[in-house]
Amino acid sequence: MQSTLTLPEPGRLHVAIIMDGNGRWAASRGRPRTAGHRAGARAVRRAVEAAVEIGLGTMTLYAFSSDNWKRPACEVATLLGLLRDYLSEQSGSCLEHGVRLRVVGRRDRLPADLLRAIEAAERLTEGCGRLTLRLAVDYSARDAIVAAASRVGPGGASSPDRESFARLLDPAHPEGGAVPDVDLLIRTGGERRLSDFLLWECAYAEILFLPVMWPDFTRAHLEAALSDFASRERRFGALSRAASA
Ligand code: FPP
């Protein structure tokens with residue numbers, strides 16, 4: 001299905017999503033939290049399909065935060081298993097639709113099967129250029145910034161500026177250049193916080209908090225969010241068009 005939405009910068013927009021509400025979605029149905037995460041994985045597939053058709057440039061999804069290790073072991077295992085399955089099962093479809101998969105975050109604590117799935121999916125879709133789908137896994141924005149800062153100095157970039165520092169934020173993909181700034185950050189599930197997600201990249205992001213629980217998120221929600229985004233005037237610290245006229 002083609003989109004009728006008019007984007008301000010087709011093919012260039014970066015939308016990031018904090019996919020919250022899986023647990024409450026499940027609880028409201030009397031089901032275990034893991035059922036909510038499985039439904040959440042189905043919503044991920046829908047969102048990626050919609051992002052391709054709408055013409056986004058980059059979409060970053062918060063799949064597993066570094067603080068999520070504090071959850072019960074069976075929930076952690078379910079989440080990491082869903083990620084592995086998503087990467088293994090969807091990488092062929094991503095290739096077909098021009099979606100380049102990238103995983104951001106720490107890799108040294110991930111199970112070997114997930115690591116293999118990440119490496120295989122990234123390799124397979126390396127040449128795709130329609131949409132870059134970034135999955136944040138074992139991700140903490142503050143840790144990413146601290147790690148980038150530790151790469152500054154002797155042997156690394158000295159006296160970095162914003163642009164060159166941003167290139168240090170995703171060391172797994174140095175060839176990818178600077179991580180693009182987020183244009184629109186969406187958080188589902190009704191909570192209003194950033195939860196250590198893309199703190200550098202969201203410096204000038206427009207933010208939208210939606211009451212919908214992530215498993216219920218559809219293409220219509222994404223389109224409505226983008227319409228809202230398109231109606232906002234982004235000033236980046238300068239004056240509004242009206243004030244400077
Ligand atoms: C937050 O909801 C969601 C997560 C911690 C994980 C997000 C994971 C998925 C959507 C599924 C797997 C991902 C992929 C990419 C296949 P919560 O559990 O904190 O919800 P609650 O606030 O209602 O408890």
*Looking just at side-chain N and O atoms, do R100 and T132 make a donor-acceptor pair shorter than 3.5 Å?*
yes
*Pairwise salt bridge (charged side-chain N to carboxylate O under 4.0 Å, His left out) hits with a residue in residues 68-83, at least two apart*: R33-E75, D67-K70, R71-E75
*What residue pairs, at least two apart or across chains, pass salt bridge (charged side-chain N to carboxylate O under 4.0 Å, His left out) with a residue in residues 77-86?*
R84-D113
_Which residues pass the ring pair (Phe, Tyr, Trp, His ring centres under 6.0 Å) test with F64, not counting sequence neighbours?_
W69
Side chain to side chain donor-acceptor pair (under 3.5 Å) partners of [X], counting only residues at least two apart:
| X | result |
| --- | --- |
| R42 | none |
| R109 | D138 |
| R235 | none |
| E89 | R45 |

_R192: partners by salt bridge (charged side-chain N to carboxylate O under 4.0 Å, His left out), with sequence neighbours left out_ = none
*Using the test salt bridge (charged side-chain N to carboxylate O under 4.0 Å, His left out), find all partners of R12 that sit at least two apart in sequence or belong to another chain.*
E9
*Using the side chain to side chain donor-acceptor pair (under 3.5 Å) rule, collect all pairs that involve residues 14-25, keeping only residues at least two apart or in two chains.*
H14-T60, D20-R24, D20-R187, N22-H37, W25-D216
*Supply the members, apart from L239, of the Ile/Leu/Val/Met/Phe/Trp/Tyr cluster built from side-chain contacts under 4.5 Å; use none for a lone residue.*
none
*Where is the tightest heavy-atom contact between P111 and L80, given as atom of each residue plus distance?*
CD-CD1, 3.8 Å
*May I ask you to decide if D143's main-chain N or O and S140's side chain share a donor-acceptor pair within less than 3.5 Å?*
yes
Show me the donor-acceptor pairs within less than 3.5 Å that the side chains of residues 200-208 make with the rest of the protein, sequence neighbours left out.
residue	atom	partner	partner atom	Å
E206	OE1	R232	NH1	3.0

